[in-house]
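Notes follow once the structure below has been shown.
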Amino acid sequence: IEIEELGEAKAEIHEQVLYHVPNFKAKLSLLTLLLKDSGQTGKTAVFVSTRLNAEKVYSHLKLSFKNEAAILNPMMFESKGFGSVEEFTDQDEARILIIANELTGSHDFDGISLLIHVELPEDTEKFVHRMIKNNIDEVPSIIFATDLELALVKKIEQTIGQKIPVTELPDEINIAVDQKDKKTLKTEKAAKNDLAERGGAFHAPKASNKKDYNNNAGTKAKMNKKKKH
């Protein structure tokens, strides 16, 4: 990411780290991998864009973490959730709280040891306010960004007055191809194979059968007249 001009830092913020990922499925794979890290034993807040995406991430995480994952103000009745961050931090069993960026209001992240932004909020100021240090404890923040989201990262860097270091993706991450991309690749491959088969059976037309002329209306009329006789 190239920044032409960095702004002046407004406040001291938590340490930031950026992972550049190809798609949402890779984000889910990376998220699971990081949360399984034996060193991550504290409470983690995971941010996504909408409450609907929060449900999708929750469905993915509960396969590996069961009752450890929950949602802040979930949409679905069957989803495990909490009404506030404080309620989540006071509960021992849950250690992963998924929060939708579209929810209004600020949150108190005391008791949270890690922040993971699977999706960034459109409002840069909202992100920066979330990252400001309010106590002496360091709460590292991890950002997942696709190519389309790098513009938001650039705005954040300009606002905080510093570049966010990029970390290489782990080898264990499953960089899956979206189903739509798979279908497109399959169609393109089939088309190429079909073209190759057609090319093998294709023969150039004989010179006598090749039409490289253009008859005018009068000539066509005379030819039709001769055919009638």
Side-chain angles (χ1 to χ4, degrees), residues 16-37 40-89 91 93-107 109 112-124 126-127 130-131 139-153 156 167 169-170 172-186:
Q16 309 289 311
V17 173
L18 172 66
Y19 283 99
H20 185 191
V21 295
N23 51 48
F24 191 76
K25 287 186 177 181
K27 288 184 177 185
L28 292 179
S29 178
L30 179 59
L31 177 62
T32 302
L33 187 63
L34 294 179
L35 290 174
K36 284 184 177 179
D37 187 343
Q40 300 298 340
T41 57
K43 300 279 188 177
T44 300
V46 177
F47 298 94
V48 294
S49 58
T50 65
R51 295 176 68 194
L52 181 59
N53 280 359
E55 295 288 346
K56 293 179 181 178
V57 174
Y58 171 76
S59 297
H60 174 81
L61 291 181
K62 71 178 183 179
L63 297 175
S64 300
F65 301 99
K66 297 182 180 179
N67 294 326
E68 292 183 292
I71 305 176
L72 182 64
N73 296 324
M75 293 177 60
M76 307 300 180
F77 176 78
E78 61 272 16
S79 299
K80 181 176 181 177
F82 294 98
S84 66
V85 177
E86 293 82 357
E87 184 182 346
F88 162 71
T89 55
Q91 211 259 12
E93 185 180 30
R95 72 178 186 94
I96 306 164
L97 183 64
I98 307 166
I99 305 173
N101 290 321
E102 67 181 6
L103 293 177
T104 59
S106 59
H107 306 289
F109 295 110
I112 302 293
S113 59
L114 177 65
L115 304 174
I116 300 180
H117 287 87
V118 174
E119 294 175 309
L120 290 167
E122 293 290 338
D123 186 356
T124 302
K126 185 174 185 178
F127 173 87
R130 186 183 293 165
M131 295 300 103
V139 183
S141 170
I142 300 175
I143 299 172
F144 300 169
T146 61
D147 289 340
L148 294 177
E149 294 169 311
L150 290 181
L152 288 174
V153 175
I156 292 171
T167 301
L169 292 173
E172 299 87 347
I173 183 177
N174 179 23
I175 303 179
V177 179
D178 290 337
Q179 291 298 323
K180 183 178 179 181
D181 295 334
K182 286 183 178 179
K183 185 177 180 180
T184 302
L185 292 174
K186 185 177 180 180

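- The closest donor-acceptor contact from the side chain of Glu55 to the backbone of Met75 lies under 3.5 Å.
- Rounded to the nearest 0.5 angstrom, Met131 CE and Ile156 CD1 are separated by 8.5 Å.
- Between Asp37 and Leu34 there is no side-chain heavy-atom pair separated by less than 4.5 Å.
- Side-chain contact check for Leu61 versus Ile98: some heavy-atom pair is nearer than 4.5 Å.
- Side-chain contact between Leu72 and Arg51 is absent, with no heavy-atom pair separated by less than 4.5 Å.
- Taking all atoms of both residues into account, the shortest heavy-atom contact from Ala26 to Ile173 is O-CD1, 3.4 Å.
- With hydrogens and angles ignored, the 3.5 Å screen pairs no side-chain donor or acceptor of Arg95 with any backbone N or O of Thr44.
- With hydrogens and angles disregarded, no donor-acceptor distance shorter than 3.5 Å links the side chain of Lys62 to the backbone of Lys80.
- Taking the ring centre of Phe88 as origin, the terminal cationic atom of Lys43 falls inside the region bounded by 6.0 Å and 45° from the ring axis.
- Within the 4.5 Å cutoff, no side-chain heavy atoms of Ile71 are placed close to those of Met76.
- Taking the side-chain contact (heavy atoms from CB on, under 4.5 Å) definition, one finds that Thr50 meets it with Leu52, Asn53, Glu102, sequence neighbours left out.
- For the atom pair Ile143 CD1 and Leu18 CG, the distance stands at 6.0 Å (nearest 0.5 Å).
- In terms of heavy-atom proximity, Leu103 sits nearest to Lys126 at O-NZ, 3.0 Å.
- With Lys27 contributing its side chain and Val21 its backbone, the two residues share no donor-acceptor pair below 3.5 Å.
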Tell me, with the steps shown, if Phe65 and Thr32 meet side chain to side chain contact (heavy atoms under 4.5 Å, CB included). CA-CA 9 Å; Phe65 301 99; Thr32 302; 4.2 Å; yes
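- Within 6.0 Å of CD in Glu122 there are 12 or fewer heavy atoms belonging to other residues, nucleotides or ligands.
- Scanning all heavy atoms of the two residues, the minimum distance from Ala145 to His20 falls at O-CD2, 3.2 Å.
- Here the shortest heavy-atom pairing between Ala69 and Tyr58 reads O-CE1, 3.4 Å.
- Note that OG of Ser141 is 8.0 Å distant from CG of Leu114, once rounded to the nearest 0.5 Å.
- Smallest separation of non-hydrogen atoms from Leu28 and His60: O-NE2, 3.4 Å.
- For the residue pair Thr146 / Glu149, a side-chain donor-acceptor distance below 3.5 Å is found, with atom types taken as modelled.
- Note that the CD atom of Glu93 and the CG atom of Asn67 stand 4.5 Å from one another [nearest 0.5 Å].
- The aromatic rings of His117 and Phe47 lie parallel to each other, with less than 30° between the two planes, well short of the 60° mark.
- Of all heavy-atom pairs between Phe127 and Pro121, the closest is CB-CG, 3.7 Å.
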Carefully, step by step, assess Phe82 and Leu97 under the rule side chain to side chain contact (heavy atoms under 4.5 Å, CB included). CA-CA 8 Å; Phe82 294 98; Leu97 183 64; 4.1 Å; yes
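- Between Phe144 and Leu30, the closest side-chain pair of non-hydrogen atoms falls below 4.5 Å.
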Show, in sequence, the C-alpha distance, side-chain angles and deciding distance for Phe24 and Val118, and conclude whether the side chain to side chain contact (heavy atoms under 4.5 Å, CB included) test is met. CA-CA 9 Å; Phe24 191 76; Val118 174; 4.1 Å; yes
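- Judged by distance alone, the side chain of Tyr19 and the main-chain N or O of Pro170 form no donor-acceptor pair under 3.5 Å.
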